[in-house]
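Remember, predicted model here, so these are calculated numbers, not experimental data. Here is how names work: the chains are called A, B, and so on, in the same order as the sequence lines, proteins then strands, and each is numbered from 1.
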There are 2 protein chains.
Amino acid sequence: MTESKDRAFVNGLARGLAVMSAFKPDRNRMSLGELSKETGLPKTTVARLIHTLVKLGYVYADPDSGRFQLHPRVLTLGYPVMASMDKRHVALPMMQELAEYSRGTVSLGIRDGLSMILIERSRDSTVRALPLDIGSRIPIHTTSMGRAYFAAAGEFEQKDILAQIETFDPKGFKKIEKSLREGEREYREKGYCTAIGSWENDVNAVGVAVELSNDALAAFNCGGPSTRIAEENLDDLGRRLAELARHFQTADWVGQLPPRPYKGVSPP
Amino acid sequence: MTESKDRAFVNGLARGLAVMSAFKPDRNRMSLGELSKETGLPKTTVARLIHTLVKLGYVYADPDSGRFQLHPRVLTLGYPVMASMDKRHVALPMMQELAEYSRGTVSLGIRDGLSMILIERSRDSTVRALPLDIGSRIPIHTTSMGRAYFAAAGEFEQKDILAQIETFDPKGFKKIEKSLREGEREYREKGYCTAIGSWENDVNAVGVAVELSNDALAAFNCGGPSTRIAEENLDDLGRRLAELARHFQTADWVGQLPPRPYKGVSPP
DNA sequence: TTGATCGTACCGCTATGCGGTACACCATAC
DNA sequence: GTATGGTGTACCGCATAGCGGTACGATCAA
């Protein structure tokens with residue numbers, strides 16, 4: 001119904017994963033109704049899917065509150081990915097160093113759709129909470145990491161990104177495109193991108209992309225709340241982050257990553 | 001077919017997740033045939049499931065090699081879990097410190113079935129590769145973390161664990177039980193469990209459990225290759241790890257975790 | 001009380017996912 | 001050259017799995 005007439009498309013699986021993704025970081029205890037609303041699926045269907053997930057151990061049903069939450073077991077699903085990128089750890093000491101120096105957070109991410117997914121992070125030891133953990137998504141167009149990625153992405157991937165943005169947000173498109181182009185210029189001139197409150201108020205950051213050997217692209221950022229990362233320090237941090245990135249440029253230090261889409265071919 | 005006559009059990013979802021779990025850390029590029037062999041599902045079925053996963057972006061199909069690999073996007077599935085346990089970071093600085101001191105790795109894990117799943121880790125900066133990343137599973141009965149967990153688990157959960165072991169490995173059961181009971185005694189006497197080459201040759205470690213406020217239990221370990229973590233240092237490290245754990249005992253510092261199963265009730 | 005929730009049970013229908021079998025392709029082998 | 005073993009893909013008839021209504025018992029709040 002929702003999907004096209006694709007004989008080979010297993011709806012149950014797609015819906016089940018949709019239910020899993022419906023759990024949000026800030027609300028990880030959900031009821032059937034909420035999940036139903038979130039996914040747009042009928043409550044009965046959600047009940048069936050959740051039932052399955054509980055049986056498989058991916059979801060935990062709290063008998064008291066009658067709510068559901070993702071079980072840590074889902075982390076195992078991601079583990080092969082983590083393991084395939086095990087070499088990324090060689091960057092950790094330098095990331096940690098910069099995190100301490102900046103008193104903020106240093107992360108590494110790759111693109112997925114219109115987001116960057118964080119695959120490694122380190123933080124200054126005085127940071128209490130860590131809002132951006134491994135696996136979190138941040139948007140491309142408002143963040144320093146995303147903008148740096150865009151700047152380094154090359155013509156074809158840029159087209160792909162822009163096309164997706166246009167589909168997703170036709171009204172804001174022009175403005176976003178302009179902003180991304182500005183970021184590109186900034187990146188060319190300075191070697192890094194800045195984001196001053198553009199992602200969230202009072203959060204400043206700088207971003208630098210790294211090109212990996214196997215046609216994959218990733219990006220670092222370094223940032224934090226403006227109380228820690230002052231606007232006037234961004235230039236210093238940007239230069240240091242670019243220096244950091246230079247150490248890892250074009251080396252097979254991350255591990256196996258999917259290459260960028262459409263290197264040369266336009267999106268379907 | 002595989003599952004019982006459960007009208008509410010969505011087979012497609014279960015099989016899809018089985019396919020995802022079929023990707024192993026060391027072999028994350030799989031062919032249809034391999035996946036079929038691994039999961040025991042007919043090739044056609046795997047093809048359909050993989051097709052779905054590719055469309056959803058959770059699996060990447062490499063057009064050159066014709067192989068499939070998990071896409072980093074799967075990390076997003078685990079993110080809400082990570083986020084719900086965000087408070088665990090308060091332990092990181094101390095973990096890091098001990099990792100540096102011991103020149104090994106310090107991790108935190110919780111139980112899932114007969115494994116411990118690692119939810120946080122830190123390592124000495126001179127460690128090159130990190131075999132045990134977030135999301136990885138290690139067995140309960142051969143590891144210091146698992147044995148410490150068992151020792152602290154309490155009667156009912158211990159029974160559950162033992163029952164599962166007996167089901168899984170009826171022959172080895174007696175021996176494993178005895179070994180776990182020994183671990184329990186060690187834990188009571190010394191305050192930590194040791195594992196000397198029992199998990200993998202030439203890997204030594206100590207483990208200590210932490211009881212959390214919401215009926216959840218977790219465990220730390222500290223270990224590494226015997227070239228780094230010598231057997232004669234284990235006592236020192238064990239005491240330090242126990243000291244570390246004491247800082248976090250019975251405090252809501254991890255975040256929302258599922259409580260232990262069957263606190264008082266015998267397994268169904 | 002009433003009115004929202006919550007999750008569960010039931011049930012008839014048909015689209016859907018199943019798993020055969022067959023094929024086109026590409027290596028490596030000899 | 002042509003086997004052989006491996007890819008992934010296409011096709012197709014069938015049975016049933018999964019769908020999504022509707023209805024219900026429990027809770028909890030007001």
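Dashed line: the shortest gap from a side-chain N or O of B/R48 to OP1 or OP2 of C/dG19 is not under 4.0 Å. Remark: B/R15 is in phosphate contact with C/dC18, judged by side-chain N or O atoms under 4.0 Å from OP1 or OP2.
Checked against side chain to side chain contact (heavy atoms under 4.5 Å, CB included), B/T44 has no partners two or more places apart in sequence or in another chain. Legend: residues meeting side chain to side chain contact (heavy atoms under 4.5 Å, CB included) with A/F168, ordered by chain and number and at least two apart, are A/L114. With sequence neighbours excluded, the residues satisfying side chain to side chain donor-acceptor pair (under 3.5 Å) with B/S21 are A/Y58. Applying the side chain to side chain contact (heavy atoms under 4.5 Å, CB included) rule to A/P139 yields the partners A/H141, A/T142, A/T143, A/W199; only residues at least two apart in sequence or on another chain are considered. The side chain to side chain donor-acceptor pair (under 3.5 Å) check on A/E184 picks up A/Q158, A/R181, with sequence neighbours excluded. Take A/S36 and apply the side chain to side chain donor-acceptor pair (under 3.5 Å) test, not counting sequence neighbours, and it matches no residue. Applying the side chain to side chain contact (heavy atoms under 4.5 Å, CB included) rule to A/P42 yields the partners A/T45; only residues at least two apart in sequence or on another chain are considered.
Direction of the helix axis in the helix from C/dT1-D/dA30 to C/dC30-D/dG1 shifts by 40° between the two five-pair termini, rounded to 10°.
Without hydrogens or angle criteria, B/E34 side chain to B/S31 main chain gives a donor-acceptor distance under 3.5 Å.
Whole-Å rounding puts the B/F9 CZ to D/dT16 C1' distance at 16 Å. Whole-Å rounding puts the B/L35 CG to D/dT7 C1' distance at 13 Å. Taking atom CG of residue B/N11 and atom P of nucleotide C/dG19, one finds them 8 Å apart after rounding to whole Å. The interatomic distance linking A/I50 (CD1) with D/dG18 (C1') rounds to 16 Å, in whole Å. Computed from coordinates, the A/H51 NE2 to C/dC10 P distance equals 13 Å when rounded to whole Å. Residue B/L41 contributes atom CG, which lies 15 Å from atom P of C/dG17 at whole-angstrom precision.
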Polar-atom pairs under 3.5 Å, protein N or O versus N or O of nucleotides 3-9 of chain C: list them with distances, or write none.
| residue | atom | partner | partner atom | Å |
| --- | --- | --- | --- | --- |
| C/dC6 | OP1 | A/S31 | OG | 2.8 |
| C/dG7 | OP1 | A/L32 | N | 2.9 |
| C/dG7 | OP1 | A/G66 | O | 3.2 |
| C/dG7 | OP2 | A/L32 | N | 3.0 |
| C/dG7 | N7 | A/K43 | NZ | 3.3 |

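Comparing atom distances between the A/P42 side chain and each of D/dC19, C/dG17, D/dG20 picks out D/dG20 as nearest.
Ring geometry for A/F9 versus B/H51: interplanar angle over 60°, hence perpendicular rather than tilted (30 to 60°).
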